[in-house]
Structures are given as structure tokens and as C-alpha cells.
Amino acid sequence: AVSITSAEPAAWGFLSSGAGEIAVEGARLSMGDGQDLSFVGGPIRIEGPGTDATPNVETYSASLSLISVDAPGEVAISPGSAPNLDLFTALGPVTLSNGTVLSANGADDQILIVRSDSLTLEDATVNAHHFGANEHPGVAVDVSVRDTIRLGRESLGQTADFLSFASRTGGGAEVGNAGDVLISADTLLLEGSGTTLAVGSTCDLGFFCSSATRPAGEGGALDIDVDRLVVRDGAEIFSVNAGLGQGSPISIRARSVEVG
């Protein structure tokens, strides 16, 4: 006979110490359409294959969450919603590197959620594009960290892209408006020529359109709320409009801004 016993997580000792590391090292993890994926634990480290542009972590029309904590406790996960981590005294780091391509694209109400102490992209790309004919209902990217978001590292020659576009591909079906991108942190640092944080609308994920590929859908708004914003060594924050609608607005609230 098989006996199954259930109890609260604390009964098994899972909450007595900090959570362990989650690491994806050169592997590919691709979910089916509409299947949510959540990484919940201590430090989260995703290393790509180094040269292959194929996404190594991928969801489509679903919720993709990266939640890193550094203190005992329970994280309540509800797909499509960010967890409340106010009771955690410390959060952990999230690092994407070595050619990582993290893809949270979709055609419906897809969302990328990040909650951590820091978020670092070095030689890494995050895509959160909208391809569906329907309008996205709200927020497509929700990133909130307590300390620093770093995109790129000039001293190591490593760049990063964080992109969210409404895109009509291959002259195919029309695309609706994309969801908004929300970014909050103590510090947002973009560094190095080739490092970009961008929203808007594109054709075939490019900026050169024909009459068959020009999208009517608009890109989502980009909202940045930080204490300190640093953009240097050729890095860029921009909105592109390759379609027929209005361009994506960018709102930046920062106590300190450094550009150079």
C-alpha cells in the first residue's frame, strides 16, 4: 500500500533557513502555449549556451516569474500576479549571462514578473513581445527589485537587451497593442554600446517595414521608477514606432540621473 502524508511546508523544515540556488546552465527550458513557469527560491542564475540565439528559457502567452528570496518564509504564487514579499527581510539576486535569451512573448495576456534584490543582465537578452491580434489587457513586464538593475558591463565587453514590442510578423495577422512595461529599483544602470532598453512597435522584429508588415498595434508604455538612473558608455533607452499607431510613451521618475 502507498501512504501519502501532507502538511504545511514548515512541518518539513523547508522554512528554517534561506532557500537554495536555482541554476539553469546552458540548458533549454521551453513551455507549451499557455503554460506558466515560475522560478521561486534563493539566488537565480541562468546561463545561456554562449552562442545560440534560440531562447533557453521560454514561455508563450503565459506567466513567467523569477522570484528570489534570501530569508525563510512562504511565497504565494498566483499566475499572472506578483507575490507580496513585504514580510521577507532580504531578497536574493537574479543573474542572466553567457548568451541567455529569456523569452516571455505571447498573443494574449502574457506577463514577465521579477522580484529580487538585484537583477543583472550581462551578455543576455529579455524579450517580451506581443504578436496577437487582440490588445494586451494590461502589464506585460513587471520588474521590481530592492537594490540594482544592471544591464550590460562595459569593462567586460558585455551588453544586454531588454525589449518589448508589438510586432506583426511575416506579413501575417495584424497585431494589437502591447502591454506596458513597469520597472522599479533603487538604481537602474545601463552600460555599454549595444545595451538597450526599448519598447514600441516593429515589423518582423525589425525596423524596416513594407506595406504588408507595418503593424497597426502600438507598443506599451515604459514606466521607470528609481532613485538613481545611470545610462553610460553608449547604452540607450528608447521607444520605436514602425507602425501606424502612436509611439510608446516613456515615463522616468528618478532623484538622480547620470548620462555619459
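- Note on Ile22 and Leu102: same hydrophobic cluster, where clusters join Ile, Leu, Val, Met, Phe, Trp and Tyr whose side-chain heavy atoms are under 4.5 Å apart, directly or indirectly.
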Using the rule given for salt bridge (charged side-chain N to carboxylate O under 4.0 Å, His left out), can you reason through Glu258 versus Arg232, listing the C-alpha separation, both sets of side-chain angles and the distance that settles it, and then say yes or no? CA-CA 8 Å; Glu258 304 171 33; Arg232 64 192 181 202; 5.0 Å; no
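- Judged by distance alone, with hydrogens and angles left aside, the side-chain atoms of Asp36 form no donor-acceptor pair with the main-chain N or O of Pro79 at under 3.5 Å.
- To the nearest 0.5 Å, atoms CD1 (Ile77) and OG (Ser65) are separated by 5.5 Å.
- A heavy-atom distance below 4.5 Å is found between the side chains of Thr196 and Leu163.
- Checked options Leu188, Leu151, Val145; the residue passing with Leu119 is Val145 (criterion: side-chain contact (heavy atoms from CB on, under 4.5 Å)).
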Pair Ser201-Glu218, side-chain contact (heavy atoms from CB on, under 4.5 Å): steps then yes or no: CA-CA 6 Å; Ser201 60; Glu218 301 172 3; over 6 Å; no
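- For the residue pair Asn127 / Ser103, no side-chain donor-acceptor distance below 3.5 Å is found, with atom types taken as modelled.
- Between Thr120 and Leu96 there is no side-chain heavy-atom pair separated by less than 4.5 Å.
- Contacts of Thr95 classified as side-chain hydrogen bond (donor to acceptor under 3.5 Å, both in side chains), with partners at least two apart in sequence or in another chain: none.
- When every heavy atom of Gly34 is checked against every heavy atom of Ala62, the shortest pair comes out as C-CB, 3.8 Å.
- Cluster annotation: Leu190 is connected to Val226 through the hydrophobic network of ILVMFWY side chains, with a link wherever side-chain heavy atoms come within less than 4.5 Å.
- When every heavy atom of Gly42 is checked against every heavy atom of Ser68, the shortest pair comes out as O-OG, 2.7 Å.
- The hydrophobic cluster containing Ile250 also contains Val259, counting ILVMFWY residues as joined when their side-chain heavy atoms lie under 4.5 angstrom apart, directly or transitively.
- A heavy-atom distance below 4.5 Å is found between the side chains of Leu229 and Ile252.
- Classified by interplanar angle (parallel below 30°, tilted 30° to 60°, perpendicular above 60°), the ring pair Tyr60/Phe131 is parallel.
- Atom OG of Ser184 and atom CG of Asp225 lie 6.0 Å apart (nearest 0.5 Å).
- Within the 4.5 Å cutoff, no side-chain heavy atoms of Phe162 are placed close to those of Val199.
- For the atom pair OG (Ser239) and CZ (Phe165), the distance works out to 8.5 Å, reported to the nearest 0.5 Å.
- Put simply, OG on Ser63 and CD on Gln35 are 12.5 Å apart, with the number rounded to the nearest 0.5 Å.
- Taking CD of Glu25 as the reference point, atom CG of Asn56 lies at 11.5 Å (rounded to 0.5 Å).
- Across all non-hydrogen atoms, the minimal contact from Arg115 to Leu85 is CB-CD1, 3.6 Å.
- A donor-acceptor pair is defined here as one N or O able to donate and one able to accept, closer than 3.5 Å; no such pair exists between the side chain of Glu135 and the backbone of Asn177.
- In this structure, Gln110 and Asn105 have side chains that are not in contact, with every pair of non-hydrogen atoms separated by 4.5 Å or more.
- Side-chain contact between Arg28 and Glu58 is present, with heavy atoms from C-beta onward closer than 4.5 Å.
- Proximity of a side-chain donor or acceptor of Asp142 to a complementary backbone N or O of Leu182 within less than 3.5 Å is not detected.
- In terms of heavy atoms, Ala178 sits closest to Ala166 at CB-CB, 3.9 Å.
- In this structure, Val230 shares a hydrophobic cluster with Leu189, the cluster being traced through Ile, Leu, Val, Met, Phe, Trp and Tyr side chains under 4.5 angstrom apart.
- Side-chain polar atoms of Ser167 and Thr202 form a donor-acceptor pair below 3.5 angstrom.
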Could you check Asp117 against Asp70 for side-chain contact (heavy atoms from CB on, under 4.5 Å), going step by step and ending with a plain yes or no? CA-CA 9 Å; Asp117 183 67; Asp70 191 25; over 6 Å; no
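- A side-chain contact (heavy atoms from CB on, under 4.5 Å) with Ser164 is found for one member of Val181, Leu112, Leu197 and no other, namely Val181.
- With Ser61 contributing its side chain and Ala107 its backbone, the two residues share a donor-acceptor pair below 3.5 Å.
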side-chain contact (heavy atoms from CB on, under 4.5 Å) assessment of Leu29 paired with Val24: CA-CA 9 Å; Leu29 181 58; Val24 179; 5.5 Å; no
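- The shortest non-hydrogen separation linking Pro43 to Ala19 is CD-O, 4.2 Å.
- A salt bridge is absent between Arg153 and Glu191; no separation between the charged side-chain nitrogens and carboxylate oxygens falls under 4.0 Å.
- The closest side-chain heavy-atom distance from Ile44 to Ile67 is not below 4.5 Å.
- Counting all heavy atoms, side chain and backbone alike, Ser248 lies closest to Gly200 at OG-CA, 3.3 Å.
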Could you go through the side chain to side chain donor-acceptor pair (under 3.5 Å) check for Ser118 and Asp147 one step at a time? CA-CA 5 Å; Ser118 63; Asp147 193 2; over 6 Å; no
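- Taking the side chain as every heavy atom from C-beta outward, Ile113 and Leu64 never approach each other to under 4.5 Å.
- In the hydrophobic clustering of this structure, Val94 groups with Leu121; members are Ile, Leu, Val, Met, Phe, Trp, Tyr whose side-chain heavy atoms approach within less than 4.5 Å, directly or through other members.
- Between the side chain of Thr187 and the main chain of Thr148, no donor-acceptor pair closer than 3.5 Å is present.
- In terms of hydrophobic clustering, with Ile, Leu, Val, Met, Phe, Trp and Tyr side chains grouped at heavy-atom distances under 4.5 Å, Ile237 and Ile149 are assigned to a common cluster.
- Ion pairing of Arg253 with Asp223 is present here, as a side-chain N (NZ or NE/NH1/NH2) and a carboxylate O approach within less than 4.0 Å.
- Note that the CG atom of Asp109 and the NE2 atom of His130 stand 9.5 Å from one another [nearest 0.5 Å].
- Using a 4.0 Å cut-off between charged nitrogen and carboxylate oxygen, Asp227 and Arg255 count as a salt-bridge pair.
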